[in-house]
J.: 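Structure provided below as structure tokens; questions to follow.
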Protein chains: 2
Amino acid sequence: MAKLDDTDRQLLMLLQEDDRQALAVLSEKIGVAVSTINDRIKRLVRTGMISGFHARIAPEAIGLDLLAFIMVSWSNPKVEAIFLERVKASPDVLECHHITGAWNYLLKVRVGTTRDLERFLTETIKAVDGVERTETLITLSTTKETWSVRV
Amino acid sequence: MAKLDDTDRQLLMLLQEDDRQALAVLSEKIGVAVSTINDRIKRLVRTGMISGFHARIAPEAIGLDLLAFIMVSWSNPKVEAIFLERVKASPDVLECHHITGAWNYLLKVRVGTTRDLERFLTETIKAVDGVERTETLITLSTTKETWSVRV
DNA sequence: ATTGAAACCGAGCGTCC
DNA sequence: GGACGCTCGGTTTCAAT
């Protein structure tokens, strides 16, 4: 974990908001030369601080209207490997976290309709032998969903 | 919700994985002219299918080692407005969803250490008058965390 | 004084329009 | 094809030793 100076921090803030600003614009905003901006971005990528550049798709604009969080648990530890396999392969699953508490895993899932969600639950989750319980929290509305972290 | 043809879909897939590919590369992969790629991207942005281009920061690389999901509830409906205000203003909160089930809201929160989490809970969440219960699920490990949706 | 790292400058070139 | 913006060498500055 290399340390960041103020230029790096400002750059990260600006790029996580919008990575398509011209180097000249970034140079202007931060107050260093264009080539410096270029060097810094390259370094941030090389050192792994920036892990990628991604277009963000508006989910509802393409018909992905249902967001759900699904908590899953089992008692046989052998279940985990198969479960993770399935989950990684499924494009419906955006996130998969091993969590503390009463449940083993928390999934963030985005699909089109409740029918898709039902299909996901039966064909992807409950199809894994040994999965004992699930609880699904449906998102009614989303107030905030940002990819920008404090830097 | 405009309809997408196959070119749009391929383009969205490629750009959400990596938005810095040259138009010529995209043209090659999809098999249409460079100018078409350019037009399509512009249209996808204009129509709101693409809502932005963002550099992704590796959270652990900058010391954000703790990810938590916090469920919150209250009984007085007047609490909601103040709660959302605080949550929107907090850089620790990445997501805030109104959910079904026993809880009112689900938050996704990223901070440095357990101390920061404690401070967040006391100063941001429990400081909201009327918040009655919270439950925090700490993420032990993350198997999958993608921004790419099925298109 | 010497060295190394980082910032700056400008010309060349690739990319976009 | 023309223009813009990025890239990448060389050069300079600055800090630390």
Side-chain angles (χ1 to χ4, degrees), chain A residues 1-59 61-62 146-151, chain B residues 1-65 91 112 146-151:
Chain A
M1 170 184 162
K3 56 256 139 280
L4 305 166
D5 65 11
D6 200 54
T7 302
D8 291 320
R9 252 180 287 273
Q10 287 185 66
L11 242 189
L12 288 174
M13 279 310 303
L14 292 167
L15 290 176
Q16 70 181 164
E17 294 302 332
D18 178 10
D19 77 39
R20 294 217 157 180
Q21 301 173 78
L23 298 191
V25 172
L26 296 167
S27 153
E28 177 72 19
K29 287 184 181 171
I30 299 181
V32 297
V34 171
S35 57
T36 304
I37 298 287
N38 189 39
D39 293 344
R40 292 301 184 105
I41 296 176
K42 286 228 167 332
R43 190 172 67 190
L44 289 168
V45 171
R46 185 165 38 77
T47 59
M49 306 261 155
I50 293 178
S51 64
F53 300 91
H54 307 277
R56 179 176 187 158
I57 296 179
I62 58 168
T146 182
W147 295 345
S148 293
V149 297
R150 157 190 270 159
V151 13
Chain B
M1 172 182 157
K3 57 257 142 279
L4 304 167
D5 66 10
D6 200 53
T7 302
D8 291 321
R9 251 182 286 275
Q10 287 185 65
L11 199 45
L12 287 174
M13 278 310 302
L14 291 167
L15 290 175
Q16 70 180 166
E17 294 300 333
D18 177 9
D19 77 39
R20 296 217 155 179
Q21 299 173 80
L23 299 189
V25 172
L26 296 166
S27 154
E28 176 72 19
K29 288 182 180 171
I30 299 180
V32 298
V34 170
S35 59
T36 305
I37 298 287
N38 189 38
D39 294 344
R40 292 303 183 101
I41 295 177
K42 288 227 167 328
R43 190 171 72 191
L44 289 168
V45 171
R46 186 165 38 76
T47 58
M49 306 262 156
I50 292 178
S51 64
F53 299 91
H54 307 276
R56 178 174 188 159
I57 297 179
E60 325 75 33
I62 59 167
L64 292 171
D65 292 315
T146 183
W147 295 345
S148 293
V149 298
R150 155 190 271 158
V151 14

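Residue numbers start from 1 in every chain, and the chains themselves are labelled A, B, ... in the order their sequence lines are given, proteins ahead of strands.
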J.: Could you state the CD-C1' distance from B:E28 to C:dG14, rounded to the nearest angstrom?
T.: 17 Å
J.: Distance under 6.0 Å and angle within 45° of the ring axis: does A:R56 meet both against B:W147?
T.: no
J.: After noting the C-alpha distance and the side-chain angles of B:I41 and B:L26, does the key distance pass the side-chain contact (heavy atoms from CB on, under 4.5 Å) rule?
T.: CA-CA 11 Å; B:I41 295 177; B:L26 296 166; 4.2 Å; yes
J.: According to a strict under-4.0 Å criterion, is A:N38 in side-chain N/O contact with OP1 or OP2 of D:dC6?
T.: no
J.: In whole angstrom, what separates A:I37's CD1 from C:dC9's C1'?
T.: 15 Å
J.: Do A:H54 and B:D18 touch side chain to side chain, with heavy atoms closer than 4.5 Å?
T.: no
J.: Before accepting this row, confirm whether a basic side-chain N of the pair B:D5/B:R40 lies closer than 4.0 Å to the acidic partner's carboxylate O.
T.: yes
J.: Check whether any side-chain nitrogen or oxygen of A:R40 sits under 4.0 Å from OP1 or OP2 of C:dA6, and answer yes or no.
T.: no
J.: Using a cut-off of strictly less than 4.0 Å, decide whether B:K42 has a side-chain nitrogen or oxygen near OP1 or OP2 of C:dC17.
T.: yes
J.: C:dG10 P sits how many Å from A:D39 CG, rounded?
T.: 16 Å
J.: Could you give the CG-to-P distance, from A:D19 to D:dC6, as a whole number of Å?
T.: 12 Å
J.: Please tell me which of the listed nucleotides, C:dC16, C:dC8, C:dA6, lies nearest to the side chain of A:R43?
T.: C:dA6
J.: Starting at CD of A:Q21 and ending at P of D:dC6, how long is that distance when rounded to a whole Å?
T.: 11 Å
J.: Between A:I41 (CD1) and C:dA6 (P), how many Å, whole number?
T.: 16 Å
J.: Measure the distance from CG on A:L26 to P on D:dT7 and round it to the nearest whole Å.
T.: 12 Å
J.: Are A:S35 and C:dC9 close enough that a side-chain N or O sits under 4.0 Å from OP1 or OP2?
T.: no
J.: Atom CG of B:L23 and atom P of D:dC4: how far apart are they, to the nearest Å?
T.: 18 Å
